[in-house]
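When a residue number appears, it is its place in the shown sequence, counting from 1.
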Amino acid sequence: MAHVVSSLDQPSNYKDSQTRVDRQKQNDLLAKSTTLYIGNLSFYTTEEQIYELFTKCASPEDGGGIKRIIMGLDRNTRTPCGFCFVEYYTHAEALASMRYVSGTKLDERIIRCDLDLGYKEGRQFGRGKSGGQVRDEHRQDYDPGRGGWGAQAQRLEIERRREVEERYADAQDGPGAVAGGGGDWKQEDNVANGDKKQLKRGRSPDDDGDDDRTGQRAKVDDDTENRM
């Protein structure tokens, strides 16, 4: 069965695209590597969460443990962009993490662990044109854990909205545009009408009583004239 099920602690085809080391030298370095590259992280996963998870594979009793964690950062904003490096003190701890942690969930995302040739200053920054990872530069799906839409999709959406706003502005200023406004003279007319309405006094219950008395007096005067 050994030839059917591949070992979980074997390195994958992952390789730093900017390394100048040949394949044989790379294999020799990976055979002793104590550094892991962790991918597919959420932008909101913290260093404390990573430490809590990966320390489960540490062996402090054997002189091991986590040496340091380097968070991957957007080159422009200096905010997390979905990857990190975890350095152990021993190669056995790194293999244990590949066996037991890689493929598990962290922040509801299945994370990926690979042996790395070793961290060098500058590798903590994303290499995409927008500052993040290259995979997020071309991503077309919406991923809330990795900033929403991909960088190219976001740029296209911004350009589309700008074009719509420019067309709308041209339609407002060009020939045949519908005149807007008119609010001032309408408001003044309403004020004038309001003033006229205020000049006309409303009827009151006393007015109704006065009308009845006036009608009664007129009827009495008519009766008097008829008798005469």
Side-chain angles (χ1 to χ4, degrees), residues 1-19 21 23 25-75 78-128 132-139 141-148 150:
M1 292 294 291
H3 66 283
V4 177
V5 180
S6 59
S7 177
L8 298 177
D9 56 6
Q10 292 299 310
S12 68
N13 292 325
Y14 160 78
K15 180 182 178 182
D16 180 11
S17 60
Q18 295 187 2
T19 186
V21 179
R23 193 66 182 181
K25 180 64 175 178
Q26 178 184 359
N27 291 336
D28 294 339
L29 292 173
L30 291 178
K32 299 178 291 185
S33 175
T34 62
T35 303
L36 290 174
Y37 171 88
I38 316 300
N40 200 38
L41 292 172
S42 167
F43 287 4
Y44 306 102
T45 299
T46 65
E47 183 175 338
E48 290 76 12
Q49 289 176 282
I50 296 170
Y51 181 86
E52 181 180 0
L53 177 61
F54 283 88
T55 196
K56 298 181 184 301
C57 295
S59 303
E61 64 278 2
D62 297 329
I66 293 179
K67 184 177 181 180
R68 62 174 174 167
I69 296 174
I70 302 99
M71 298 296 293
L73 302 175
D74 186 288
R75 188 174 64 255
R78 297 300 194 266
T79 55
C81 64
F83 72 98
C84 75
F85 297 92
V86 176
E87 286 188 357
Y88 285 101
Y89 282 101
T90 67
H91 178 66
E93 292 171 309
L95 292 181
S97 289
M98 289 185 59
R99 176 176 294 178
Y100 301 116
V101 178
S102 185
T104 61
K105 278 190 175 183
L106 178 60
D107 267 352
E108 299 303 318
R109 302 184 68 84
I110 297 177
I111 61 174
R112 183 182 76 253
C113 305
D114 282 296
L115 286 176
D116 190 80
L117 298 179
Y119 171 77
K120 293 182 179 179
E121 186 62 30
R123 292 189 62 197
Q124 73 270 37
F125 299 120
R127 296 170 177 172
Q133 287 192 273
V134 175
R135 58 165 293 193
D136 291 313
E137 190 75 25
H138 304 284
R139 182 168 48 78
D141 61 324
Y142 184 84
D143 190 340
R146 295 185 70 89

- Query: Which word best sums up how the rings of Y37 and F85 line up, parallel for under 30°, tilted for 30 to 60°, or perpendicular for over 60°?
  - Reply: perpendicular

- Message: Any heavy-atom pair between the side chains of Y89 and D62 that's under 4.5 Å?
- Response: no

- Task: Considering non-hydrogen atoms only, spot the tightest contact between G65 and A58 and give its length.
- Result: CA-CB, 3.7 Å

- Query: Roughly how far apart are R146 CZ and R135 CZ, rounded to 0.5 Å?
  - Reply: 4.0 Å

- Can you tell me how far OG of S42 sits from NZ of K105, rounded to the nearest 0.5 angstrom? 13.0 Å

- Message: Any heavy-atom pair between the side chains of T79 and F43 that's under 4.5 Å?
- Response: no

- Query: Do L115 and L95 touch side chain to side chain, with heavy atoms closer than 4.5 Å?
  - Reply: yes

- Charged N-O contact under 4.0 Å between D136 and R139: yes

- Is the side chain of E93 donor-acceptor paired with the backbone N or O of S59 at a distance under 3.5 Å, no angle test? yes

- Message: Out of the candidates D107, L41, I38, I111, only one should pair with I50 under the side-chain contact (heavy atoms from CB on, under 4.5 Å) rule; please name it.
- Response: L41

- Task: Go through the side-chain N and O atoms of R112 and N40 and say whether any donor and acceptor fall under 3.5 Å apart.
- Result: no

- Query: At what distance, to the nearest 0.5 angstrom, does OG1 of T34 lie from OH of Y119?
  - Reply: 14.5 Å

- Query: Please walk me through it: do F54 and L36 pass side-chain contact (heavy atoms from CB on, under 4.5 Å)?
  - Reply: CA-CA 10 Å; F54 283 88; L36 290 174; 4.3 Å; yes

- Donor-acceptor under 3.5 Å (S33 side chain, D116 main chain): yes

- Task: Supply the atom-to-atom distance L30 CG to R23 CZ, rounded to the nearest 0.5 angstrom.
- Result: 7.5 Å

- Query: Does R78 count as lying over the ring of F125, i.e. NZ or CZ under 6.0 Å from the six-ring centre, within 45 degrees of the axis?
  - Reply: yes

- Note on the structure: Note: T35 and E87 closest approach over all heavy atoms is OG1-CG, 3.5 Å

- Query: At what distance, to the nearest 0.5 angstrom, does CG of D114 lie from OG of S97?
  - Reply: 12.0 Å

- Query: Within a reach of under 6.0 Å around CD of Q49, are more than 12 heavy atoms found that belong to other residues, nucleotides or ligands?
  - Reply: yes

- Please name the residue in the list Q124, M71, E47 that meets the side-chain contact (heavy atoms from CB on, under 4.5 Å) test with C84. M71

- Message: Assess the residue pair Y100 and K56 against the criterion (side-chain contact (heavy atoms from CB on, under 4.5 Å)); give the C-alpha distance rounded to whole Å, side-chain angles, the decisive distance to 0.1 Å, and a yes or no.
- Response: CA-CA 9 Å; Y100 301 116; K56 298 181 184 301; over 6 Å; no

- Please examine the side chains of V101 and C57, heavy atoms only from C-beta on, and report whether any two atoms are closer than 4.5 Å. yes

- Heavy-atom pair with the smallest gap, counting every atom of I66 and Y88: CG1-CE2, 3.7 Å

- Task: With rounding to the nearest 0.5 Å, note down the distance linking CZ in R123 to CZ in F83.
- Result: 8.5 Å

